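Everything below concerns the one structure shown next.
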2 protein chains.
Amino acid sequence: MDEVRWLTAAEQEIWRAYMTATNEFAAHVDRQLRRDAGMPMAYYEILVRLSESPERCLRMSDLAEVSLFSRSRLSHAVSALEKNGWVVRRPADADRRGWVCELTDEGFAALAAAAPGHVSTVRAHLFDVLTAEQLDALREIGRAITAGLRTECAEARREAEECE
Amino acid sequence: MDEVRWLTAAEQEIWRAYMTATNEFAAHVDRQLRRDAGMPMAYYEILVRLSESPERCLRMSDLAEVSLFSRSRLSHAVSALEKNGWVVRRPADADRRGWVCELTDEGFAALAAAAPGHVSTVRAHLFDVLTAEQLDALREIGRAITAGLRTECAEARREAEECE
DNA sequence: GCTCTGGAGTTGAAACTTCAACCACCCTTA
DNA sequence: TAAGGGTGGTTGAAGTTTCAACTCCAGAGC
């Protein structure tokens, strides 16, 4: 950690543009879902993942992984969703430590009711304001950032092992 | 609101790539700041904005605007920062309703201590993983998304006025 | 069979955000 | 000069997220 390479003026412009857009876009989508469907974006994501899974079921840990939730966060979230009657928890067959989370019919209905407004919002504020080239670029940018985070993560694990 | 134009498979790929990258990147940056500097990213942003302002002061409403906080959220956040001794609130001169928020020396020191690690994280996971072309594209994408949100906002206001 | 390490999941407390009032003050208008 | 509406800002409650324990169970090694 020698000297810090501060951001140049041009980099700061990029950084601000990125932060402003992602923050405001996320806030906009979240508000729309809360207002029209009574759930935050993060919970919508959980319902989507469950709806896409066979039997509309998923092990808690798998659900956490695909929806990018920590175990703790997922546990709290599922408790809230359960209170709404949108999901139920059942013990897993094979592993007596495990639980599976299942999307109920009410949950599916809530998702079906929420989806049109949500997709319309996303389309209006993301897909409709960008060109085809920009959308291609966005996909690759997203992949590069995610890949960068994953390799860092792997490196950290390797280092931690070496330290022992 | 006729029929919904659902996302195509290609659009879903873009959408997932976008959401995964922005969520994980934000989480990573936030964790780094909480761990190393004891403040969430959002509070760091507030300190930055204050530090860039003349006299390190800003009216609450102006601070809310530049840092993209709701008034309520800012009020709570400033209370927390005040508890740390990082900012103070003073009544505004001209307008007796108003308050100015001022960055203290302790707050500036906390910001100075936090900045290197934060900038390094941002550089490592954003600027270092993208090409110059991608960074250009990212800036324009960000601007387009923000502009799209702003015009929607303006339209909503216009409609609301017409409805009266 | 027993221990030991690690994985699956939960919990409670504290921190942060949202939402809907709410108060105090400014400014316009009549 | 007294309404009245709008702006600046706060508050409290409810909802959400984080963090650090903690419990329970599986699998490996002996």
Side-chain angles (χ1 to χ4, degrees), chain A residues 23-24 26-46 58-84 86-101 157 160-161 164, chain B residues 23-24 26-46 58-84 86-101 157 160-161 164:
Chain A
N23 280 336
E24 295 213 333
H28 186 79
V29 172
D30 200 58
R31 253 195 314 277
Q32 184 273 325
L33 268 175
R34 283 176 192 266
R35 179 166 38 79
D36 298 345
M39 67 182 103
M41 171 69 187
Y43 289 14
Y44 180 87
E45 174 73 6
I46 290 179
L58 227 39
R59 275 289 289 264
M60 288 296 283
S61 47
D62 296 333
L63 182 51
E65 188 165 359
V66 296
S67 45
L68 306 175
F69 270 50
S70 72
R71 290 163 186 279
S72 169
R73 185 184 178 197
L74 180 66
S75 197
H76 287 296
V78 166
S79 297
L81 291 172
E82 214 168 15
K83 228 169 264 167
N84 285 351
W86 290 344
V87 304
V88 291
R89 261 187 278 228
R90 292 188 291 96
D93 315 315
D95 189 337
R96 280 202 302 166
R97 295 167 301 180
W99 293 82
V100 298
C101 183
R157 259 199 302 279
E161 280 164 14
E164 282 160 16
Chain B
N23 280 337
E24 294 213 334
H28 187 79
V29 172
D30 200 57
R31 254 195 313 278
Q32 185 274 326
L33 268 175
R34 283 175 193 265
R35 178 165 39 79
D36 299 343
M39 68 181 104
M41 170 70 187
Y43 289 15
Y44 180 88
E45 174 73 6
I46 290 179
L58 228 38
R59 275 289 289 265
M60 289 295 282
S61 47
D62 296 333
L63 181 52
E65 189 166 0
V66 296
S67 45
L68 306 175
F69 271 50
S70 72
R71 287 161 190 279
S72 168
R73 185 185 178 193
L74 181 66
S75 196
H76 287 294
V78 167
S79 297
L81 292 172
E82 214 169 14
K83 229 169 262 165
N84 285 351
W86 290 344
V87 305
V88 291
R89 262 187 277 227
R90 293 189 290 95
D93 314 316
D95 188 336
R96 281 201 302 167
R97 293 167 302 179
W99 294 82
V100 298
C101 183
R157 259 199 302 280
E161 279 164 16
E164 281 159 16

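A quick note: this is a predicted structure, and the numbers were derived from the prediction, not measured. A note on names: the letters A, B, ... follow the listed sequences, proteins ahead of strands, and every chain is numbered from 1.
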Note to self: When you measure from the side chain of B/Asp30 to the backbone of B/Pro40, do you find a donor-acceptor pair of N or O atoms at a distance under 3.5 Å?
What the structure shows: no
Quick one: which of [options] gets closest to the side chain of [X]?
X	options	answer
A/Arg34	C/dC19, C/dC16, C/dC26	C/dC19
B/Ala42	D/dC24, D/dG9, C/dT17	C/dT17
B/Arg73	C/dT18, D/dT17, C/dC25	C/dT18
A/Ser75	D/dC25, D/dT18, C/dT11	C/dT11
B/Arg89	C/dG12, C/dC19, D/dT10	D/dT10
B/His76	C/dG9, D/dT10, C/dT17	C/dT17
B/Ser72	C/dC16, D/dT16, D/dT10	D/dT10

Notebook entry, point to check: DNA chain C: A/Asp30 or B/Ala94, which has the more 5' nearest nucleotide?
Noted result: A/Asp30
Check: Closest approach of B/Val66 and B/Glu45, non-hydrogen atoms and distance?
Finding: O-OE2, 4.4 Å
Next item on the list: Quick one: closest heavy-atom pair of B/Trp86 and B/Gly38, and the distance?
Entry: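 Smallest interatomic distance, heavy atoms only, reads CH2-O, 4.4 Å.
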Whole angstrom value for the distance that separates [atom2] of [N] from [atom1] of [X]:
X	N	atom1	atom2	value
B/Tyr44	C/dA15	OH	C1'	21 Å
A/Met39	D/dA14	CE	P	22 Å
B/Asn84	C/dC16	CG	C1'	13 Å
B/Glu65	D/dG9	CD	P	12 Å
B/Tyr43	C/dT17	OH	C1'	8 Å
A/Leu33	D/dG15	CG	P	18 Å
B/Arg90	D/dT10	CZ	C1'	19 Å
A/Gln32	C/dT18	CD	C1'	16 Å

Note to self: Pick the closest DNA chain D nucleotide for B/Asp62 and for A/Pro40 by heavy atoms, then say which residue is nearer the 5' end.
What the structure shows: B/Asp62
Note to self: Both B/Arg35 and A/Ala80 contact DNA chain D. Which one's nearest nucleotide lies toward the 5' end?
What the structure shows: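 Comparing both residues, the 5'-ward one is A/Ala80.
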Check: Which part of the nucleic acid does B/Arg71 contact within heavy-atom distance under 4.0 Å: base, sugar-phosphate only, or nothing?
Finding: base
Check: If we only count heavy atoms from C-beta on, is the B/His76 to B/Ser72 side-chain gap below 4.5 Å?
Finding: yes
Notebook entry, point to check: Quick one: does A/Ser75's side chain get under 4.5 Å of A/Arg71's, heavy atoms only?
Noted result: no
Next item on the list: Would you kindly check whether a donor in the side chain of A/Arg97 faces an acceptor in the base of C/dG9, or vice versa, at under 3.5 angstrom?
Entry: no
Any side-chain N or O of [X] under 4.0 Å from OP1/OP2 of [N]?
X	N	result
A/Arg96	D/dA26	yes
B/Ser61	D/dG9	yes
B/Arg59	D/dG9	yes

Notebook entry, point to check: How many angstroms lie between atom CH2 of B/Trp99 and atom CZ of B/Arg89, to the nearest 0.5 angstrom?
Noted result: 7.5 Å
